[in-house]
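By convention here, the first residue in the shown sequence is residue 1.
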Amino acid sequence: MKRKLINKIIKDLAINKDFLPLLDEDGKLYYGNNARIIMKNTMGTFVAVELIDGDMMTSSEIEQYMNNSKIRLNNINEASYHYIIEVFLFNNATDEEKINKISEGQTRGGIKKKYLKSVIVDINSKKVDKCFKMPLFCFGVDNAIRNILNMESNWEDYENKQSEASENEKIDVFADNYNSDEFNINEILSQKENEMEFKLKASKPVITFLLIAVNVIVWALTNIYAAKSGKDINELQNLLGAKDNARIINGEIYRLIAPIFLHANLEHLVYNSLALYMVGINCERIFGHLKFTGIYFISGIIGYIASFMFTPNMAVGASGAIMGLFGAMLYFGILRPKIFARYFAVNVIVIVVMTLLNGFTKSGIDNYAHIGGLIGGFLAAGVLEYSGKKKWYLNRVLYIVLSVITIIGGFAYGITNNQNHSAVMMAQMSKLHDEKNWVKLEQVGEELLAMKLDVDSKRTALWEVAVAENMQEKNDEGIKHADELIPIAPPDGHYLKGLILIYMNRYEDSKKELLEAKRLGAKYKNIDELVGQIDSQMNRN
């Protein structure tokens, strides 16, 4: 029965944990000295698991076995991590001398990165004990054994035979003539090969290179035009379709897709082009040209909907769409977990985590677009890639419903939330200022100030209201709002207050406010000129 258990362990680790049994020259399972060996090499780490019949060995033989394993480890010259996990199986793990020899024979590796660790299995009590504290993980070996032990109703047949036999008559579970339910290793290898088979749907990443080329061309033409026309690049990008919440609410829906082709500067373009190249090649080959294109643009739209929902800032860039490609790769991870784990998992997960952390820790990055794009790509892949598997989490209808809810619900929230409502009013104030409609400007500004605003919006609203009041000769109200501006933006507040005091003929107070604004670093070039005019006026008086 112990051999049956060992075979089940090998089979489970081979199928579910990607271990492979060590084979002899004839392609049959290799039998070591009282042990079977399975191994795998993953992410630069080599792991060998040795399944050992502890009942067939004396304590001195166990000690010698552990020493031999140490010698094998020390003879490995490679710099990568190497683990030997020795699993000792006992009918009853009650021999303290054997247990002590197993525990004492372990080694922690240290600088050499070589580890010899042991696991003790008590079959009768179905108990699995790791003899080590570090490393804390066991590559799933201990859990696999626990699950197998708990699945069987009893393991008594073999143990009864063993207990009835004398010490010299112990049944060798590794003997060739031992009758057990041996499994066909070739079937397992064939199954593993089938799991790793995947037909790529595109041989060349044509769309990836086309998207990179379009981004570069748009950036170059935009900057050339800005340089020749003298237009500010940010103003030009806004005209071309940058994400502008107020304009989106006013019906310019194309601003949820046009920003995908715009980039703030050369660094932004280069970073996104490299990222698109890195993920786009594999993603396009896996999903095919049409599905890849759909994933890219759906991700970009959902990314900008997320940005529209949660931030009032203007935005450009393809990063949301690119994060969507990573989201699609994560979906591929649940669709074909073995292939994903072997070839893509580390790079995809590391880049996603680093990108999101970078967005949370640095200013000027639209992390909402990143998160939205990541979610959008995952959903888009679920919609476009039919799995054919009858699992609820791969059901295409589920992804269609979630995508519709995300797009419609997100856009509806963006239109109705307080933040974007204030953005519309801010745009309205700018228009009223240009029209010199001071009465209406004051009214809209006061309504805006009654709302919960971010610092930048409140600063702008206070400035516009104070200017409107000053132009209507409501100077006291203007001074009041200038004083409210000082704690938020001191240079601007003192400068504005100084201007209003000039209209009130309070020249000495005005000069004091303007000089304070200059001391605080206000970037108004006319401060010295205004102070000179005030001095001249005071001298005439």
Under-4.0 Å salt bridge between Lys474 and Glu442: yes
Using a strict cut-off of less than 4.0 Å between a Lys/Arg side-chain nitrogen and an Asp/Glu carboxylate oxygen, indicate whether Lys511 and Glu508 qualify as a salt bridge. no
Report the distance from atom CZ of Phe378 to atom OG of Ser403, rounding to the nearest 0.5 Å. 10.5 Å
Check ion pair Glu385-Lys201 (N to O, under 4.0 angstrom): yes
Short side-chain to backbone donor-acceptor contact, Asn265 and His268, under 3.5 Å: yes
Validation row: Thr107, Tyr115 side chains within 4.5 angstrom (heavy atoms): no
N/O donor-acceptor pair under 3.5 Å between Lys40 side chain and Lys17 backbone: yes
Give a yes-or-no answer on whether the side chains of Tyr507 and Asn505 include a donor-acceptor pair shorter than 3.5 Å. yes
If the plane angle is over 60° it's perpendicular, under 30° parallel, otherwise tilted; pick one for His433 and Trp438. perpendicular
For Glu464 and Met429, indicate whether the former's side chain and the latter's backbone hold a donor-acceptor pair under 3.5 Å. no
Please report the interatomic distance CD1(Ile302) to CD1(Ile371), rounded to the nearest 0.5 Å. 14.0 Å
Do Tyr495 and Asn526 come close enough that some side-chain heavy atom pair is under 4.5 Å? yes
